[in-house]
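This is the structure I have questions about; it appears just below.
These values consider heavy atoms only, across backbone and side chains, with no hydrogens, waters or symmetry-generated copies.
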Amino acid sequence: MTTTVKKATKTMQLGDLELDLKLGGREVFKIERRLGKSMLSLFMDSQGGNKLPPVNEILIVLQGANQNHGVTDKRVLNAFEKYLDDGNTTMDLFNALMELFEASGFFGKKKKSSKTNSESDEVTLDPVEATQDQLL
């Protein structure tokens, strides 16, 4: 039995454009080819530190991840101008990009705790040594 997992899509309003975003293998390939570098390198400077990517690169990723047809560079740029005119900032755009990366699993899957709150607060009558956490 084979299980197929489809990449999540995220909808974003960029000015007057509604983008239906998905980062699957084909989209990543096309975006990286257009950028000339890895998408993860958008967030790293030459010394390996963190950086904010330039707006043009964020817009390239959003356009490449968009599943709606007919969205040209010109339409994306006009929508970005409207996005800013509507009171949004470039930091809002960066946050939208981060949400897309997280939804697409770029930073790995978040591990879920295997214990519930009631299990982690287990009460016992047996004598136990106090742990460091219990002493604090």
Subject >> Interatomic distance, Asp20 atom CG to Met12 atom CE [nearest 0.5 angstrom] >> reply: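 Answer for the CG-CE pair, Asp20 versus Met12, is 12.5 Å.
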Original post:
Okay, side chain of Asp86, backbone of Gly15: is any donor-acceptor separation there less than 3.5 Å?
Top reply: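 Side chain of Asp86 to backbone of Gly15, a donor-acceptor pair under 3.5 Å: no, none is there.
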**OP:** Please check if the side chain of Gln67 supplies one atom and the backbone of Ala65 the other of a donor-acceptor pair under 3.5 Å.
**Re:**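 Flag set: sc Gln67 to bb Ala65 pair under 3.5 Å.
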Original post:
Looking only at side chains, do Arg75 and Gln63 share a donor and an acceptor under 3.5 Å apart?
Top reply: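 No donor-acceptor contact under 3.5 Å links the two side chains.
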Subject >> Sub-4.5 Å side-chain heavy-atom contact between Val71 and Val76 >> reply: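 Counting from C-beta outward, Val71 and Val76 do come under 4.5 Å.
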Subject >> Backbone N/O of Gly36 and side chain of Glu32: donor-acceptor pair under 3.5 Å >> reply: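 Flag not set: sc Glu32 to bb Gly36 has no pair under 3.5 Å.
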Original post:
Should the heavy atoms of other residues, nucleotides or ligands under 6.0 Å from CG of Asn50 be counted, would the total exceed 12?
Top reply: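 No, the 6.0 Å shell around CG holds no more than 12 heavy atoms from other groups.
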**OP:** Output the distance between atom NZ (Lys74) and atom OG1 (Thr72), rounded to the nearest 0.5 Å.
**Re:**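 Going from the NZ atom of Lys74 to the OG1 atom of Thr72 covers 7.5 Å.
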Subject >> Exercise: identify the closest heavy-atom pair between Glu99 and Lys10 >> reply: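 Heavy-atom minimum between the residues: OE1-NZ, 3.0 Å.
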Subject >> Leu40 with Leu59, same ILVMFWY side-chain cluster at under 4.5 Å >> reply: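 Yes; Leu59 is reachable from Leu40 via cluster members.
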**OP:** Check the pair Asp73, Ile60 against side-chain contact (heavy atoms from CB on, under 4.5 Å), reporting the backbone distance first and the verdict last.
**Re:** CA-CA 8 Å; Asp73 285 357; Ile60 287 171; over 6 Å; no
Subject >> same_hphob_cluster(Val55, Leu62) at 4.5 Å side-chain heavy-atom cutoff >> reply: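 Same cluster: Val55 reaches Leu62 through Ile, Leu, Val, Met, Phe, Trp or Tyr contacts under 4.5 Å.
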Original post:
Roughly how far, to the nearest 0.5 Å, is the CZ atom of Phe80 from the CG atom of Asp85?
Top reply: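 Answer for the CG-CZ pair, Asp85 versus Phe80, is 10.0 Å.
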Original post:
Any idea which heavy atoms bring Phe101 and Leu42 closest together, and the distance?
Top reply: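 Taking every non-hydrogen atom into account, CZ-CD1, 4.4 Å.
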Original post:
Is Met98 reachable from Leu21 through a run of hydrophobic residues whose side-chain heavy atoms are each under 4.5 Å from the next?
Top reply: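 Yes, Leu21 and Met98 fall within the same hydrophobic cluster.
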**OP:** Would you sort out whether Leu52 and Ile58 count as a side-chain contact (heavy atoms from CB on, under 4.5 Å), showing the intermediate values?
**Re:** CA-CA 10 Å; Leu52 295 176; Ile58 294 174; over 6 Å; no
**OP:** Apply the test side-chain contact (heavy atoms from CB on, under 4.5 Å) to residues Thr89 and Asp92: give CA-CA distance (whole Å), side-chain angles for both, the deciding distance (0.1 Å), then the verdict.
**Re:** CA-CA 5 Å; Thr89 66; Asp92 295 328; 3.2 Å; yes
Original post:
Within the side chain of Ser41, is there an N or O that forms a donor-acceptor pair under 3.5 Å with the backbone of Lys37?
Top reply: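 Checking the backbone N and O of Lys37 against the side chain of Ser41, no donor-acceptor pair under 3.5 Å is found.
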**OP:** Give a yes or no on whether the backbone of Tyr83 and the side-chain of Asn88 come within a donor-acceptor separation of less than 3.5 Å.
**Re:**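 At least one qualifying donor-acceptor pair exists.
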Original post:
Is it true that Arg34 and Glu57 make a salt bridge, defined as a side-chain N closer than 4.0 Å to a carboxylate O?
Top reply: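 No.
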Subject >> Interatomic distance, Thr11 atom OG1 to Lys22 atom NZ [nearest 0.5 angstrom] >> reply: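 So the OG1 of Thr11 and the NZ of Lys22 are separated by 13.0 Å.
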Original post:
Taking the side chain as C-beta and beyond, is there a heavy-atom pair between Leu17 and Asn78 under 4.5 Å?
Top reply: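 Contact flag for Leu17/Asn78 side chains = no.
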**OP:** Rounded to the nearest 0.5 Å, what's the gap from CG on Asn66 to CG on Leu19? Could you check?
**Re:**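 Taking CG in Asn66 and CG in Leu19, the distance rounds to 4.5 Å.
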Original post:
What are the two closest heavy atoms between Ala79 and Leu14, and how far apart are they?
Top reply: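 For Ala79 and Leu14, the tightest heavy-atom pair comes out as CB-O, 3.1 Å.
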Original post:
What's the verdict on side-chain contact (heavy atoms from CB on, under 4.5 Å) for Leu23 and Ile31, showing C-alpha distance, side-chain angles and the deciding distance?
Top reply: CA-CA 9 Å; Leu23 283 175; Ile31 292 165; 3.7 Å; yes
**OP:** Take atom NZ of Lys51 as the centre, draw a 6.0 Å sphere, and report whether it contains more than 12 heavy atoms from other residues, nucleotides or ligands.
**Re:**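 Correct, the count exceeds 12.
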